[in-house]
Amino acid sequence: MLQLTVLREQTDLVVAGLNKKNYKNAAEEVAAILDLDQQRRALQSEHDDLQAKANSISKEIGIMMKSGERDKAESYKAETTELKQKAKALSEQLSTIEEDLQKALYKLPNLPHESVPAGRTSEDNEVVLEQGEIPELYEGALPHWELIQKYDIIDFELGNKITGAGFPVYKKQGARLQRALINFFLDEAMKAGYIEVQPPIMVNEASGYGTGQLPDKDGQMYHATADNLYLIPTAEVPITNMYRDTIVPVEQLPVKNTGHTPCFRREAGSWGADVRGLNRLHQFDKVEIVQISLPEKSYEALEEMSSYIQSLLQKLELPYRVLRLCGGDLGFTAALTYDMEVYSTAQGRWLEVSSASNFETYQANRLKLRFKNDSGKTQLLHTLNGSALALPRIVAAILENNQTPDGINMPKVLHPYLGFEKIG
RNA sequence: AGAGAGUUGGCGGAGUGGUCGAACGCGGCGGUCUUGAAAACCGUUGACUGUAACAGGUCCGGGGGUUCGAAUCCCUCACUCUCUGCCA
């Protein structure tokens, strides 16, 4: 969440940033928060004064007791009782105000970076670059949902039977393609300096709050209510939360982690052609890269992540483009996001396969993720993450773009991982 | 799942209801000594909030209670360990 000191000291900037993100009534809400903050601090200092008085009297009572002045001590008790009662009343008021303040702060999204273009929808995203050749398909080329049936490599019906829609079963060469991609992505990430981790794929509530999925995206996660655990929507959640409540030694920065996990998304309310086949699933595999960076280096880190992700797409020989998300399309917690999209030739559309974001201090503030700066003060770090990469749409693009009348050619870089060069 | 023990600062580990944010040791940092280093010695060393700066307030797993006063007593939840059970 945003830091109160920033709201206080740079109010205009905050309001402008929220407006750019198309946040409604930004000025009013910020003013309301500052008002609550003002009330909170006034009450707090009043409360603290009472508490200080009571504390010092209690201390004196202790000394009197020791020196045998029992009667005198008794006479002071009434006074502290009264002080305590007043203080208690104040602290009750305080906790309601603090709760309101907390709720209001949780509702505010992150502020966009200055390079974020204005805009409302994905139409307004800025195309940063486009690369790779879009292949010419032969007459009768198929969309991936027909290819997977033709070659019997991914089975939606079977998934339907054992679980439900959006939970496909990968089979034969399809299953091996999954495994090859995961290994390829992890190997590449390790070469790029990321440490591999295998985190839990269920997380507790505190972790959900830490990275910002809770409270606002509650309904998008699968929730195991008996144990109050959530299935992760992305490895970002467990991997970033490993650093919750820590002061990271400066010499360990930047922290670079990678991990493969299944990801689970309820994505209620999406239908139609957009979600056919592998385009949108309830369960999918993803390799994630996560960085924790010094504030002044985080945008450098984001560029590094972006070009790393692009290098994967180049190696897979997929045509892609990079978008800089506009204010309206930017996620709740992000300050700047690059989306990478590959071209899915048979569908004739771009598919998002990665999203790399800088969250600046937004997550770090919730996570209490800090370092000691040069002057010895604790200061919030910046967190970043990106998909490198999400499998299903990559699979869709590989299948569609490389199809021939007598089989689907696999990208060369995967051959050693696959043990075959062609599906079919 | 049952029985018992435990949860204290970066780590280890004391702690009696009263001047305890917490002994002591290790580690870290600064210094003396040294050509340099080690050893030794001296000093220093938690977080949050708050203030112009002091002051003040809060924090000994989380939450609640008893008391003038709680790390210390009570309740409750979570977690860890040991034994038993079950299990890949």
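First the proteins, then the strands, lettered A, B, ... as listed; each starts at 1. Note that this is a predicted model, so its numbers are computed, not measured.
In summary, the side chains of Asn402(A) and Glu317(A) do not present any donor paired with an acceptor at a separation below 3.5 Å, with no hydrogens or angles considered. There is no side-chain donor-acceptor pair under 3.5 Å between Asp48(A) and Ser45(A). With hydrogens and angles left out, the side-chain atoms of Glu46(A) and Gln93(A) include no donor and acceptor closer than 3.5 Å. No hydrogens or angles considered: nothing links the side chains of Ser307(A) and Glu303(A) as a donor-acceptor pair under 3.5 Å.
At a threshold of 4.5 Å between non-hydrogen side-chain atoms, the residues Phe371(A) and Ile292(A) do not count as touching. Leu181(A) has its side chain out of reach of Asp285(A): every pair of non-hydrogen atoms, C-beta onward, lies at least 4.5 Å apart.
Residue pairs meeting the side-chain hydrogen bond (donor to acceptor under 3.5 Å, both in side chains) criterion with at least one member in residues 192-201 of chain A, sequence neighbours excluded: Tyr194(A)-Gln291(A). Within the structure, salt bridge (charged side-chain N to carboxylate O under 4.0 Å, His left out) contacts touching residues 360-383 of chain A (residues at least two apart or in different chains) do not occur.
Between Tyr362(A) and Phe332(A), the ring planes are perpendicular. Angles over 60° get that label, and only those under 30° would be called parallel.
In the region residues 29-36 of chain A, proximity to RNA chain B at under 4.0 angstrom, judged on heavy atoms, holds for none of the residues.
Taking Lys86(A) as the reference, Glu82(A) meet the salt bridge (charged side-chain N to carboxylate O under 4.0 Å, His left out) condition, with sequence neighbours excluded. By the salt bridge (charged side-chain N to carboxylate O under 4.0 Å, His left out) test, Glu60(A) pairs with no residue at all, sequence neighbours left out. The side-chain contact (heavy atoms from CB on, under 4.5 Å) check on Ala26(A) picks up Val15(A), Leu18(A), Asn19(A), Tyr23(A), with sequence neighbours excluded. By the salt bridge (charged side-chain N to carboxylate O under 4.0 Å, His left out) test, Asp37(A) is found to be paired with Arg8(A), Arg40(A), Arg41(A), residues two or more places apart in sequence or in another chain being considered. Applying the salt bridge (charged side-chain N to carboxylate O under 4.0 Å, His left out) test to Lys172(A) and every residue at least two apart in sequence or in another chain returns Asp152(A).
In this structure, of C68(B), U58(B), G56(B), it is G56(B) that holds the atom nearest to the side chain of Asp48(A).
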Under 3.5 Å between N/O atoms: give me all the protein pairs with nucleotides 44-48 of chain B, atom names plus distance.
{"from": "A47(B)", "atom 1": "OP1", "to": "Lys372(A)", "atom 2": "NZ", "distance (Å)": "2.1"}
{"from": "A47(B)", "atom 1": "O3'", "to": "Arg370(A)", "atom 2": "NH1", "distance (Å)": "3.2"}
{"from": "C48(B)", "atom 1": "OP1", "to": "Arg370(A)", "atom 2": "NH1", "distance (Å)": "2.9"}
{"from": "C48(B)", "atom 1": "OP1", "to": "Thr378(A)", "atom 2": "OG1", "distance (Å)": "2.5"}
{"from": "C48(B)", "atom 1": "OP2", "to": "Thr378(A)", "atom 2": "OG1", "distance (Å)": "3.4"}

Using the 3.5 Å cut-off, write out each protein N or O paired with an N or O of nucleotides 17-22 of chain B and the distance between them.
{"from": "G18(B)", "atom 1": "N2", "to": "Ser58(A)", "atom 2": "O", "distance (Å)": "2.9"}

Close N/O contacts between protein and nucleotides 50-53 of chain B (under 3.5 Å):
{"from": "G50(B)", "atom 1": "OP1", "to": "Arg8(A)", "atom 2": "NH2", "distance (Å)": "3.4"}
{"from": "U51(B)", "atom 1": "OP1", "to": "Arg41(A)", "atom 2": "NH1", "distance (Å)": "3.4"}

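Annotation: A38(B) and U32(B) have their C1' atoms spaced 15 Å apart (nearest Å). Of the P atoms belonging to G21(B) and G61(B), the separation is 16 Å, rounded to the nearest Å.
Heavy-atom distances to RNA chain B give each of Tyr76(A) and Ser56(A) a nearest nucleotide, and the one nearer the 5′ end belongs to Ser56(A).
Residue Ser207(A) comes nearest to Asn241(A) through the heavy atom pair O-ND2, 2.9 Å, listed as atom of the first residue, atom of the second, then distance.
Contact between the side-chain N/O atoms of Asn55(A) and the OP1/OP2 oxygens of G69(B) is not found at any separation under 4.0 Å.
Within the nucleic acid shown, Asp49(A) has no heavy atom closer than 4.0 Å to any nucleic acid atom.
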RNA chain B in dot-bracket form (Watson-Crick or G-U pairs under 3.5 Å, [ ] crossing, | inter-strand) is ((((((((.[[[..)..(.....]]]((((((.......))))))((((......)))).[[[[[..)....]]]]])))))))....
